[in-house]
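Here is the structure we will look at, set down as structure tokens.
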Amino acid sequence: MERILMAHGSGGRLSHELITSLFQKYLGNSFLNQMNDATILPGQEQLAITTDSFVVSPLFFRGGNIGRLAVCGTVNDLAVSGAAPMFLSLALILEEGLPIAELEQIIQSIAETAKEANIAIVCGDTKVVERGSADKLFINTTGIGYVSRTLVNPQQIQPGDVILVTGTIGDHEIAILSEREGLEFETPVTSDCAPLNGLIDCFFQTGVKCMRDPTRGGVATTLNELAQQGGVCMLLDEEALPILPGVKGACDMLGLDPLYLANEGKALVIVKPEAAETILHKMHSHPLGQGAAQIGVVMEGKPGLVLLKTPLGGKRILGMLEGEHLPRIC
Amino acid sequence: MERILMAHGSGGRLSHELITSLFQKYLGNSFLNQMNDATILPGQEQLAITTDSFVVSPLFFRGGNIGRLAVCGTVNDLAVSGAAPMFLSLALILEEGLPIAELEQIIQSIAETAKEANIAIVCGDTKVVERGSADKLFINTTGIGYVSRTLVNPQQIQPGDVILVTGTIGDHEIAILSEREGLEFETPVTSDCAPLNGLIDCFFQTGVKCMRDPTRGGVATTLNELAQQGGVCMLLDEEALPILPGVKGACDMLGLDPLYLANEGKALVIVKPEAAETILHKMHSHPLGQGAAQIGVVMEGKPGLVLLKTPLGGKRILGMLEGEHLPRIC
Amino acid sequence: MPMKKGSKEVLAKAEEYLAEIQALAVKPFTIMEVCGTHTVAIAKNALRELLPPTVRLISGPGCPVCVTDSSDIDRYLHLAAQPNVITTTFGDMIRVPGSDKNLQALKAEGADVRVVYSTQDALEIAKKNPEKDVVFLGVGFETTTPTVAVSLDIAKREGINNYSVLSMHKVVPPVLRLLAEDKELEVDAFLDPGHVCAIIGTKPIEFMAEEFGKPGVVTGFEALDILEAVVMLLRQRQQGRSEIEIQYRRVAKVEGNPHAQMIVQKVFEPVDASWRGMGLIPKSGLGIREEYASWDAARKFSLPVFHSPETPGCQCGEVLKGRIYPTQCALFGKRCTPLKPVGPCMVSSEGSCAAYYRYFQRSDD
Amino acid sequence: MPMKKGSKEVLAKAEEYLAEIQALAVKPFTIMEVCGTHTVAIAKNALRELLPPTVRLISGPGCPVCVTDSSDIDRYLHLAAQPNVITTTFGDMIRVPGSDKNLQALKAEGADVRVVYSTQDALEIAKKNPEKDVVFLGVGFETTTPTVAVSLDIAKREGINNYSVLSMHKVVPPVLRLLAEDKELEVDAFLDPGHVCAIIGTKPIEFMAEEFGKPGVVTGFEALDILEAVVMLLRQRQQGRSEIEIQYRRVAKVEGNPHAQMIVQKVFEPVDASWRGMGLIPKSGLGIREEYASWDAARKFSLPVFHSPETPGCQCGEVLKGRIYPTQCALFGKRCTPLKPVGPCMVSSEGSCAAYYRYFQRSDD
Amino acid sequence: MCLAIPAKIVSIDGIIAKVDMMGNERIVSIDLVPEVRIGEYVLVHAGFAIGVIDDQSAKETEELLLEVADAYEEGE
Amino acid sequence: MCLAIPAKIVSIDGIIAKVDMMGNERIVSIDLVPEVRIGEYVLVHAGFAIGVIDDQSAKETEELLLEVADAYEEGE
Ligand code: SF4
Ligand code: SF4
Ligand SMILES: [Mg+2]
Ligand SMILES: [Mg+2]
Ligand SMILES: [Mg+2]
Ligand SMILES: [Mg+2]
Ligand SMILES: [Mg+2]
Ligand SMILES: [Mg+2]
Ligand SMILES: [Mg+2]
Ligand SMILES: [Mg+2]
Ligand SMILES: [Mg+2]
Ligand SMILES: [Mg+2]
């Protein structure tokens, strides 16, 4: 009997297989098939909608908690879709026994983050399941935004375009891993978890063709998706990747690759070459864009292929995340 | 240390306490404070939005499964709010080890039910958690509808109005309980789980003042909420309640009261007295309204009070669900 | 049990009974319903409203949850908190408060507490979890006790050694005697518990009529059963009789259920027991016999005896003795509600206070 | 390990090495990197592209996951499926397929499988779960073996009796000998494993140069380390030398780590072992000594020996011997991918096939 | 103090019987009423049949209440 | 076949040491390098220090690679 594996939730290749073989097969329609961070709905006012569940463990981590994450995750999916985040639903699944003080702290953080992101929480739901039937607290947020900007999407990406990232990569997942049971280590790294709509408001301009937040699966997987959807080839420059020393050290220690680590406050932004410098400059002018960098270019080549130029000048393929991203010794 | 109890999720009084003391305290705003099945959003096109997570166990039960339920629950919250259900988000939390064949069956059922309810699934999300960190499968659906009808809400309820229910009560929860581990019994009862928007389209007319689907907490708790929100008093007629013999027998066996059992394909509809007969007639003309009945009236009296007239003519108070609705021997 | 819908004959019969009650109740007549299930049935059918003011129904100590002493509750909470224990219980006990918490809260803290419908289910759980100790909380009167006795007998016979029962079982006759002996109690007659008597028959309670001159009627649980029993009691007064009669003839027999009596006799023996609010009543409880000692949770876990103070302010004792109506307790509906019960009478849905709260609150409260 | 950013000196040094390589590689020169971590470093840094066509790097049997025999995998899967067992393992083993499943699938079916970073973590889990049997899957070469030996020694000393190790450990020198003896193998020199030699020193592998005339350089894992080692090997050829040299001087010593050697010697003893695709190699494995028998999972659980067929179509054996490139396997990238690996070489990220898949696929594939 | 409801014996297997309660069927123990036979009504409390309902006396004296039993039949 | 990375010994407590890896601190076993002292660099594999890094030879002969170590210092 085939069963769900942890790897089906990794955001990598097996997740994509599940989406294709099950969800698109039965549920596929022109909305779902957009396959972007948020779906653009028709109507007098063009709406964008996105949903995500948050199952992070531990609930509290360096730089945030599940509540902040749940707001940021959905706000960011709207923002990178070019929409102004407007309304948020909030659905909680609580495990019996959850200390109410912890819940209160998380709800407080949700309130603060929603305010910071300027989004209104408009409806909610709470379910309680037996102890052992959930891991403390799961949150779903679904977000609605109004699309007022020119459309952004991977179909607009063309050879010659420039790939920017709004800051250092891998921070969030290292912050989480450092507190995972059985793996504990002390790290200077904090999660980057933040709502990006303010930053995007700040740098958005003509020439921005596509944006995406590299969450599960990381920069490598997200760029693979974009390269596939846009039918283009990409070349990253390994030396250009903004990576904190703490993230590098932790990756070395655990045998992980920062390119596959989840981020929760970063966007990949594909822009016309002539706009790149201005946009990068604007990013740097915003507190959340301090570490922004140009990390690669879009090239002619096999559609869907992402390559990485090593410091010594060699090139290698950067694939999607395969299976779970597990610490290893080999 | 105060902790989350199962009773916090019962839909009864403790659930309401949590909402007031935590969610409204930190998150309260004019949207959330509407406290209806769906929230009406401002804009050129008036939108209704609602969210619910579904955590039912077992996943498959007589008359439905968690997938069908997840579509119906949200469609119904939109429909009883007077909105035409349009768009649905679908977020899955899968437990590692879930047989993919079961997931496929559920996804198939979601597709069918969405078609039946004429709603489009527009975005989705999948997370996988470790075995033991969830109970097989949780689903969140968030729904968006367009409000084109005259507004319905509890504020319009007045003494003299008539309380209708669209069919027999308690079927869903008995169907679920009969398959609960350690409680197994064979029952002729099947869940009423169905999308109500078609039925509502069929009977809706001037004179419908308020609708609500009596899910968790049942008819008694839902009417208590309406009586409170509408500032009215209600009187139910015990003899008029449509209850299947199988539901009655199971309730007797388990020491439960059908008025507190969850329904998933029924609406309580409060109407002007002069429209009651026509509306009831229209309900009966629809397959899902066969068992519709007038079960009570709105009266002058203490706001928020719900009374029940017994067959012998006595009256008693019908309160909200207190704590969990547990099988008992006393 | 709500009555069958649209039964005109039932309504007609009820009116007939009520008319006779009206006619017979020329002077005040106070009836105590001993059984909590009667309390709930009376409340659910709003019978008090239908009776003439001269007929007063008061609730006695008939809810096994309500009469469970704080010390016993603290004791099983202590046991349920042990790491290797699975506590099985009827749903009724889940919210009963001990000195500072209840099973529901303990469960939220991680205790393995499972609501069962039957001792059979508890035995099943024991078989499925051989590495755990499965304890059943034995609470209940004569109706329930035989079902627990059977489970202990099976456990012994089949060698299910990880199953045990913490017996807090009680029997009804001694508390009836206590009530009858109470000079302050103003009760003219009793609605006797139909299901208890289905087990023990009427002999064990005949002293009420014979020694104390308190008539009783063994009563069923339909509205009509109760109204008929009231008629029968009023007739006894009118006719100057004092007997234990059976209204609930379809179920209760003079001799009771001898099989059930036998198994209870085999497994349990009378012991003195503390009743919430009523204190120690000699021979009013059932302990597990020596032969079943290995399945007695109290012995097996060498449980200490707790001496827990009664909940301050709670007047369950007075309520259970029928001295006050629940509404006369200062905490009723204020600090004490079914959601956050102060005393045990507010916990079980058949607890007097809970039944009053649920069904009798007036709109002008 | 990616290099420090913007290091011009590193680039300059690399160019210097490459220039010398260019100059020295006048005729074909085939180097086998024995160690999987070298395979990954070479792939990650795309070094093959930078080398002249005359210098060919081929991958040897240097991934302990890849060389684990199907029979051993089926054996630990059999063990991991036992109800009372917690299997602890390095993340590397999670996806390795046995005859019909892997640990990941077993976990999804309910087996308690936990990824640990260290044997210390496995011991912790054993202490925290005294009622369970905690088994550590002992996989690895000389670098890893001492850390497992320490855990067994601690378990014995501290009496952690619910901890055991299923040893599938292997040692490198015998397989080097096998390779050297292979007439079909066309390898001129070896990049010797830096971390293995950090433990065992260079003596145990000197026979390669002395007996078989195959020069070797113990090499570090930075791009520059590897380039320097290639230079050193080419110089040996040029100068007609055949020696085991150390490039990775900051870590590897001639004498290795005597403490580590001692503890391995104390806990383990040489046994014959089956290598995936290479068959039985005498004295190439490490078994747990009699003195530690109680902590040996194979003895403790009386594990049967499995005789599992090699995965049909998988050419890991040929790949590990350096006879073919992974891309020459008919299944590579088609039926066999890192997500659904057919053979173990595709599983570990340092497996030759996985490294090729990840880094060497050409855009025109 | 003790909820108990009438149910009809549908089948018997040793000390275990299947009973019908308005169409709902459940396994109960008949340890306490070993004399019971298929088709008879028992009173079920906490998963045990604790007494056999005397159809005779019910029929003779409590016709009205028998409607309850009728309703149970209907529910089958 | 064996990932191992340099880390600096920050503190020692018996056979357990805290090491720093570019600002990340973790407990490792020094069972296999009992001679190591605070401030020295070790090679960490699978939670064990498996060797002491020879600063001397590193400094003398592999200046360029020491940049790695420098980077580790920066990360502190
Ligand atoms: S109302 Fe509460 S406190 Fe008062 S007697 Fe009843 S249970 Fe006790
Ligand atoms: S590609 Fe797969 S099947 Fe072929 S040799 Fe490598 S692991 Fe074996
Ligand atoms: Mg996204
Ligand atoms: Mg999303
Ligand atoms: Mg997202
Ligand atoms: Mg809800
Ligand atoms: Mg948990
Ligand atoms: Mg609703
Ligand atoms: Mg809702
Ligand atoms: Mg709902
Ligand atoms: Mg998502
Ligand atoms: Mg589960």
Side-chain angles (χ1 to χ4, degrees), chain D residues 1 3-5 7 9-10 12-13 34-40 61-67 90 116-121 140-144 146-151 153-154 172 193-196 198-199 220-222 224-225 228 247-253 256-257 259-260 263 348 350, chain F residues 1-9 12-19 21-37 40-75:
Chain D
M1 263 186 271
M3 244 176 287
K4 190 167 179 312
K5 273 196 301 174
S7 165
E9 296 90 338
V10 170
K13 193 77 192 166
V34 174
C35 173
T37 309
H38 280 145
T39 305
V40 172
C63 162
V65 172
C66 305
V67 298
F90 294 133
V116 294
Y117 174 65
S118 161
T119 52
Q120 294 172 294
D121 303 336
F141 291 127
E142 286 91 336
T143 317
T144 312
T147 73
V148 179
V150 167
S151 79
D153 203 42
I154 291 175
V172 167
H195 293 147
V196 164
I199 301 294
F221 301 88
E222 299 289 332
L224 284 192
D225 287 327
E228 186 184 6
Q247 176 278 332
Y248 197 26
R249 286 177 297 282
R250 62 193 183 283
V251 162
K253 308 280 170 262
N257 179 335
H259 300 287
I263 184 75
S348 162
E350 55 164 337
Chain F
M1 82 199 75
C2 321
L3 277 176
I5 67 156
K8 187 179 181 177
I9 301 280
I12 295 178
D13 178 11
I15 56 153
I16 290 298
K18 183 179 262 184
V19 298
M21 290 163 283
M22 293 177 108
N24 302 288
E25 296 192 332
R26 205 200 192 262
I27 295 300
V28 301
S29 163
I30 53 167
D31 238 310
L32 301 172
V33 289
E35 74 278 15
V36 80
R37 285 183 306 183
E40 288 185 319
Y41 281 85
V42 291
L43 204 65
V44 174
H45 170 72
F48 285 72
I50 59 163
V52 181
I53 296 180
D54 181 351
D55 205 33
Q56 192 61 21
S57 96
K59 280 227 177 77
E60 280 170 18
T61 64
E62 294 149 3
E63 280 155 25
L64 288 169
L65 288 168
L66 255 194
E67 296 203 9
V68 175
D70 289 347
Y72 278 69
E73 304 273 0
E74 284 163 28

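In what follows, chains are A, B, ... by sequence order, proteins preceding strands, each numbered from 1.
For a residue to count as touching a neighbouring chain, one of its non-hydrogen atoms must lie under 4.5 Å from one of that chain's; by this rule F:Ile50 touches chain D with backbone and side chain alike. Looking at F:Val52, the atoms closer than 4.5 Å to chain D (heavy atoms on both sides) all sit in the backbone: N, CA, C or O. Contact annotation for D:Asp121: only side-chain heavy atoms (C-beta onward) come within less than 4.5 Å of a heavy atom of chain F.
The two residues D:Gln120 and F:Val28 come nearest to each other via the heavy atoms NE2-C, 4.1 Å. For the pair F:His45 and D:Thr143, the tightest heavy-atom approach, listed with the atom from each and the gap, is CD2-O, 3.5 Å. Residues D:Tyr117 and F:Gly47 share a closest heavy-atom pair of CE2-N, 3.7 Å. Contact detail for F:Leu32 and D:Pro146: the closest heavy-atom pair is CD1-CB, 3.6 Å. Of all non-hydrogen atoms in F:Asp54 and D:Lys253, the two that sit nearest each other are CB-NZ, 3.3 Å.
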Assess whether side chain to side chain contact (heavy atoms under 4.5 Å, CB included) is satisfied between D:His259 and F:Val33, documenting all intermediate values. CA-CA 7 Å; D:His259 300 287; F:Val33 289; 5.9 Å; no

Stepwise, does the side chain to side chain contact (heavy atoms under 4.5 Å, CB included) test hold for D:Arg250 with F:Tyr41? CA-CA 10 Å; D:Arg250 62 193 183 283; F:Tyr41 281 85; over 6 Å; no

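Looking only at distances, no side-chain donor or acceptor of F:Asp31 sits under 3.5 Å from a matching main-chain atom of D:Val150.
Residues that satisfy the salt bridge (Lys or Arg N to Asp or Glu O under 4.0 Å) test with F:Glu25, not counting sequence neighbours, are F:Lys18.
A distance of 6.5 Å separates CD1 in F:Ile53 from OH in D:Tyr248, rounded to the nearest 0.5 Å.
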